[in-house]
**Q** 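This is the structure, below, for whatever I ask next.
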Amino acid sequence: MNPANVDLKQTLNLPQTNFSMKANLPQAEPKMLARWAAEDLYGEIRRSRAGKPVYILHDGPPYANGRIHLGTAFNKIVKDFIVKSRTLAGYDSPYVPGWDCHGLPIEHKVDQELGSKKAQMTAAQVRRACRKYAEKWVNLQREDFKRLGVLGRWDDPYLTMKPAYQAVIARAFVDFLDKGYVYKGLKPVNWCIHDRTALAEAEVEYENHKSPSVWVRFVLESDPASIDPALAGKQVYGLIWTTTPWTLPANLGIAFHPKFEYVAVEVNGEVYIVASGLLEATVKKCGWTDPAVIARFNGHSLDRSVFRHPFINRFSLGMVADHVTLEQGTGAVHTAPGHGQEDYVVGMQYGLPVYCPVDPAGRFFDPQGFESHLPPELPGKTVWEGNQIVVEILKKHDALLAIEHIEHSYPHCWRCHNATIFRATDQWFIGMDNNGLRQRALDAIKGVKWTPEWGQERISNMVASRPDWCISRQRVWGVPIVVFYCSACREPLTDRAILDSVVDLFEQHSADVWFERTAAELVPAGTACKKCGATEFSKENDILDVWFDSGSSHLATLREENGLRWPADLYLEGGDQYPGWFQSSLLIGVGLRDGAPFRGCATHGWTLDGDGRAMSKSVGNVIAPEEIIKEYGAELVRLWTASVEFTEDVRISPMILTRLSEAYRKLRNTFRYALGNLHDFNPEVDAVPGDQLLELDQWILVRAEEVVARCRIWYDEFAFHKVYRAVYDFATVDLSSIYFDVLKDRLYTSAPKSLARRSAQTALHRLAFALVRLFAPILSFTMEEVWQHLNQPGSVHTAYFPESAELTEGIGADHRKRVENWNRLIAVRENVLKSLETARQDKFIGGSLEARVVLFADAELFPLLSQYSSDLAGLFIVSQVELQNHLSEGIAATIFHATGAKCERCWKYTEDIGSVPELPTVCAACADAVQEIIGNA
Ligand SMILES: [Zn+2]
Ligand SMILES: [Zn+2]
Ligand SMILES: [Zn+2]
């Protein structure tokens, strides 16, 4: 070919790739998901890791109700980062997601949907409706989670409502019963009147509530002189303060702190006992004038003093207890053991009955077998009506010293948001101190790695102080407590073999059999009550607390047939699971397997808006995952999750998303640059050995080696935000602003097969091949796309993380030393670029190739720059560089117009344009390249 006819543009090696600049993620991601499903990617990953060391993150089950929100998406994506990064690190890390399917919220919704129909339905029919409802949400949430690119055993998740799982729950209860942990007792529990059920601590929320706050006096019946001689012959009163006047009918005692000082204060001839630390406040509230302290004594002096109930004919016992505080009130605490946890504890110590004259609907009634009766105004009234009635009764009995109306934080039901009450009921409990359960749990906590570290103290404090675990609920949608009662004498039938046979039926037919069959059908014929010999039995009506269900997930799921083992390596949920799933799982693990079911336990923060506020519909600051997916793709939710430190509360806003989409674009373009310049590169044939690479190429590979080494450690530590930062900075600074920028001329204008170009391509290939695997856990869709464009087989998710040494293979110690020079040269470049920018702004030059740089350097830099003088023009992307050693310190660049003429091909200015006569408009270097290309054509 005659060089004169050559189209010079055709001789440039311009980038070529189908890896588009625009990602179109909302359209591309579903196609990728379909491909993964068709190729059974999750199964492929499992097969690729068979026999490798196992790492198990056990999924905490979300509740099967409602669409996922950003917090749930965040939770699942962090888990996905962990599972994928462990997989790429070489572990076999199966992920079996699960759902919590039983419980009040679903039963609630189904009740609402059924409306009046429910009255005609059997319990088993209601349960089937609940099951259908839960299934619907499991299916919807499953699609939402899959859409995020979270890989797992989605086609076979664990569900607490599966018959096999229900059998595990029931058997766990039987085991607890059998091992002597379980008892049935009357106990005050948080009770929702609206839902007529006991609530666990985690099911109670604190909201504001208006209550009457009353100061009530109790006549002292016992001898006042035995408290203090100065009280002899006086009319003495105990003075209590309460914000629940409706509990006063159940008052059985007054608690004092044994170590506080109390005073007897005389007001108009009547003497009141008040903690001295609260005297001033009490005087003010009760409007006393001229109060006179006539005695001071320790709270201990009041132990077993006897008071008279203000309006019911019985005594109220003086007691001492450490829970009394000086925060509010009088230091004399009204005690109703049927209506408060602490009241119950101190009442037990003093042998008081657990008296509770309030029924499940929150209405007063006179319990049988209790000697004194309610005032006639109360039976049939609700506790809320009771407040006002009791206030009137107190006035009538001249016992009310003061009343205020206050708004305070008060427990409410998490579902119906009605105020709850404390009410003593017959419940099943796991005794925290039976078989030393509490202490063993505290010991097990010490063997777990808690992230953040304060988790250990947090859960230890909770376990140390928690009451016995109330495991019974008066509902239908759950796993029944498998116990029978003798119909004649109410003796429980807890024969292990009989209960086991019922559990076996659950496994075959689901726990619905408990509701579908009679006790006679479930108890083997001929069974007789051990106490009275009767042969008729009834079934327990209560079901188990849902926290018992989800807390059994390790028993149901961490099994060999799932490729999992007990205990798990990690549990990871929000901080709200310390009183919830973390704790119930721990107690079940310690109770039945004598250890925590997890080796590590980590928490993530809450998702807040850009101003750090919780997201709520009423504020209008909710960002739903599907909105982000629709606009940007799931990849942006993933990138956001990686960009924040997940152990802390995290923020998201439209502005943050805009910024992240820009970051995504830059990362994508980094890969696009590499792919575009690798179109004619086959690493098997064309790669240049490490020791022959150009020094700048060696330099970037040494930099990448550091990034990979650090990111591998950060992945091990789950510091995904550091991985994101390091990769982003490397892509935008080291690669885009420096290396890629400098490289363009070499890649585009060199002869295609020249060492200069092959060296650059070798570096680009090593970089892309390493980064695609390094970032696969985070940008799972995009890295898969890059993987395909790199012509790699299979999926990047079955690949392994790069080893840092891969990047620098063949680059020996002597090369590394020379590579260090480039760090200094790059620093010089920064300096020169600033001068070029000024010259451009002054319109002295257009592009940087129009420039000739005269570089003045000091005695320290001059030798280095001289050594690399032939590389400097390329490094600065200018046409000419002239070196001068006339500077005392540092460097200075002066910009001149380049001399010579502009090459039509590479746009550099040179003095050798036209040195090859057939190519009169190009420089000598370009002429060489063109001749090589033509020669090959
Ligand atoms: Zn409720
Ligand atoms: Zn009996
Ligand atoms: Zn040229």
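Ligands are counted one by one from 1 in listed order, and the atoms in each one are counted from 1 as well. One-based numbering along the sequence shown.
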**Q** Is it true that R475 and D545 have a side-chain N and a carboxylate O under 4.0 angstrom from each other?
**A**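 Between D545 and R475 there is no salt bridge, as every charged N stays at least 4.0 Å from the carboxylate O atoms.
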**Q** Can you find a pair of side-chain heavy atoms, one from T420 and one from W191, that are under 4.5 Å apart?
**A**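 No, too far: nothing below the 4.5 Å cut-off.
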**Q** Going by atom type alone, with no hydrogens or angles, which donor-acceptor pairs under 3.5 Å involve a side-chain atom of residues 110-117 and a protein atom two or more places apart or on another chain?
**A**
unit_1 : atom_1 : unit_2 : atom_2 : d
D111   : OD1    : K118   : NZ     : 3.1
D111   : OD2    : K118   : NZ     : 3.3

**Q** Please name the pair of heavy atoms, one in Y183 and one in D468, separated by the smallest distance, quoted to 0.1 Å.
**A**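 In this case the closest contact between Y183 and D468 is OH-OD2, 2.5 Å.
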**Q** Close to the Zn ion (ligand 2), meaning under 2.8 Å, how many protein N, O or S atoms are there?
**A**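 If we list every protein N, O or S atom nearer than 2.8 Å to the Zn ion (ligand 2), we get 4.
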**Q** Taking the six-membered ring for Trp and the single ring otherwise, decide whether the centroids of F844 and H897 are under 6.0 Å apart.
**A**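 Distance test on ring centres: under 6.0 Å, yes.
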**Q** Within 45° of the axis and under 6.0 Å from the centre of the six-membered ring of F429, does NZ or CZ of K187 qualify?
**A**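 Yes.
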**Q** Report, as yes or no, whether the 6.0 Å neighbourhood of atom NZ on K109 holds more than 12 heavy atoms from other residues, nucleotides or ligands.
**A**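 Not buried by this count: 12 neighbours or fewer within 6.0 Å.
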**Q** Under 2.8 Å from the Zn ion (ligand 3), how many protein N/O/S atoms can be counted?
**A**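 Those protein atoms number 4 in total.
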**Q** Could E491 and K530 be called an ion pair, given the rule that one side-chain N must be under 4.0 Å from one carboxylate O?
**A**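 Not counted as a salt bridge, because no side-chain N and carboxylate O are separated by less than 4.0 Å.
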**Q** Do the side chains of F681 and L764 get nearer than 4.5 Å, heavy atoms only?
**A**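 A side-chain contact is absent here, since even the closest heavy-atom pair is not under 4.5 Å.
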**Q** Below 4.5 Å, heavy atoms only, C-beta onward: do F173 and I481 meet side chain to side chain?
**A**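 Yes, at least one pair of side-chain atoms sits under 4.5 Å.
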**Q** R757 vs D680, test: salt bridge (Lys or Arg N to Asp or Glu O under 4.0 Å). Steps then yes/no.
**A** CA-CA 11 Å; R757 188 153 179 278; D680 62 340; 2.8 Å; yes
**Q** Are the aromatic ring centres of W581 and Y63 under 6.0 angstrom apart?
**A**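 Centroid distance W581-Y63: not below 6.0 Å, so no.
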**Q** Please test S759 against D697 for side chain to side chain donor-acceptor pair (under 3.5 Å), starting from the C-alpha separation and ending with a verdict.
**A** CA-CA 7 Å; S759 172; D697 301 330; 2.5 Å; yes
**Q** Using a cut-off of 2.8 Å, count how many protein N, O or S atoms are strictly closer to the Zn ion (ligand 1).
**A**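 Atoms of protein N, O or S type lying less than 2.8 Å from the Zn ion (ligand 1) total 4.
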